[in-house]
Amino acid sequence: MTTRNLTRFWEWGRKIICVGRNYADHAKELKNAIPTEPVLFLKTSSAYLREGSPIIVPAYSNNLHHEVEFGVVIGKAGTAIPQESAMDHVAGYVLCLDMTARDIQDECKSKGLPWTLAKAFNTSCPVSEFIPKDKIPDPGNINLWLKVNDQMRQNGNTSQMIFSIPYLINYISDFISLEEGDLILTGTPKGVSRVQEHDEIEAGIEGIISMSFKVERS
Ligand SMILES: CC(=O)CC(=O)C(=O)O
Ligand SMILES: [Mg+2]
């Protein structure tokens, strides 16, 4: 695999591993307990979406939420990766949206069911261009923001994450081996809210990248 191919990692069809409740202010806004270990769930590779195509509100949801997240792209496979060498397994980064059918997620939570239809539907993982690792020397201190129709809704810093990127790579790879082209979504800061048909979502990593997506109904 060449680095050039990895810049289109979304075409590889590898795992998308998501971390939930990794920002205390977001856990609080949804009235969730602050986790003592990472909360993990998965998206499928059919969830990927690139700029130029719209986010589709699933027909079964009336409450689609945006969650802006920092994504870590794995460049070197590993199992039980120590925290000390975790960053050697990172090829680069990407800005992501973890689109969430909040009404379905709430229903699943109350019934004790998995979140798959709330989190892993087609178009639920819009991503930016691939950002090579050297463009972000300190991924533990970057600003993420998100606007809907030009109104700021989310504005957070990765320094607010409960579990750091090396901690997450170590934790995840103890149970799920990481492969080149896998993506880790590291959780969202506070400010999640509903989007509807015709809305425009714009999101960015301050000073590095931005992206925008229209919302449509199926
Ligand atoms: C409650 C959630 O949807 C968890 C999540 O995805 C997060 O980023 O936090
Ligand atoms: Mg999320």
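Values reported hereafter were calculated over all heavy atoms of this structure, with side chains retained and with hydrogens, waters and symmetry mates removed. Owing to the predicted nature of the structure, the values given are computational and were not obtained by experimental measurement. Whatever order the structure lists them in is the order used to number ligands and atoms, beginning at 1.
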Write out the residue and atom name of the closest protein heavy atom to atom 5 (C) of ligand 1, then the distance separating them to 0.1 Å.
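Protein heavy atom with the smallest distance to atom 5 (C) of ligand 1: Glu67 OE1, 3.3 Å.
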Can you pull out the closest protein heavy atom to atom 9 (O) of ligand 1? Residue, atom name and distance to 0.1 Å, please.
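Checked against all protein heavy atoms, atom 9 (O) of ligand 1 sits closest to Arg21 N, 2.7 Å.
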Quick one: do Asp199 and Arg194 satisfy salt bridge (charged side-chain N to carboxylate O under 4.0 Å, His left out)? Show the steps, please.
CA-CA 10 Å; Asp199 282 347; Arg194 185 180 182 193; over 6 Å; no
Residue portion contacting ligand 1 (non-hydrogen atoms closer than 4.0 Å) for Leu30:
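Answer for Leu30: side chain.
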Looking only at distance, does [X] have an N or O less than 3.5 Å from an N or O of ligand 1?
X	answer
Trp115	no
Asn22	no
Lys119	yes
Arg102	yes

Would you say the side chains of [X] and [Y] form a donor-acceptor pair under 3.5 Å?
X	Y	answer
Thr188	Gln154	yes
His66	Ser193	yes
Asn143	Asn155	no
Tyr171	Glu37	yes
Asp103	Asn62	no

contact_flag Val192 ligand 1 heavy-atom lt 4.0 Å:
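Under 4.0 Å: no for Val192.
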Tell me whether ligand 1 is touched by Gly187 - counting only heavy atoms on the residue side and a distance under 4.0 Å.
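Judged by the 4.0 Å heavy-atom criterion, Gly187 does count as contacting ligand 1.
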Atoms of ligand 1 close to [X] [distance to a heavy atom under 4.0 angstrom, numbered from 1]:
X	answer
Gln105	1 (C), 2 (C), 3 (O)
Asp98	6 (O)
Glu69	8 (O)
Phe41	6 (O)
His26	7 (C), 9 (O)
Gly20	4 (C), 5 (C), 7 (C), 9 (O)

Flag the pair Tyr23 / Phe163 as yes when their ring centroid distance falls below 6.0 Å, and as no otherwise.
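Not under 6.0 Å, so no.
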Is Glu129 salt-bridged to Arg50, cutoff N-O under 4.0 Å?
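Counted as a salt bridge, because a side-chain N and a carboxylate O are separated by less than 4.0 Å.
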Three-point angle Glu67:OE1, the Mg ion (ligand 2), Asp98:OD2, rounded to the nearest 10°:
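The OE1/OD2 angle about the Mg ion (ligand 2) sits at 90°.
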For the backbone of Pro58 and the side chain of Ser61, can you confirm whether one donor and one acceptor N or O come within less than 3.5 Å of each other?
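No, Ser61 side chain to Pro58 backbone: no donor-acceptor pair under 3.5 Å.
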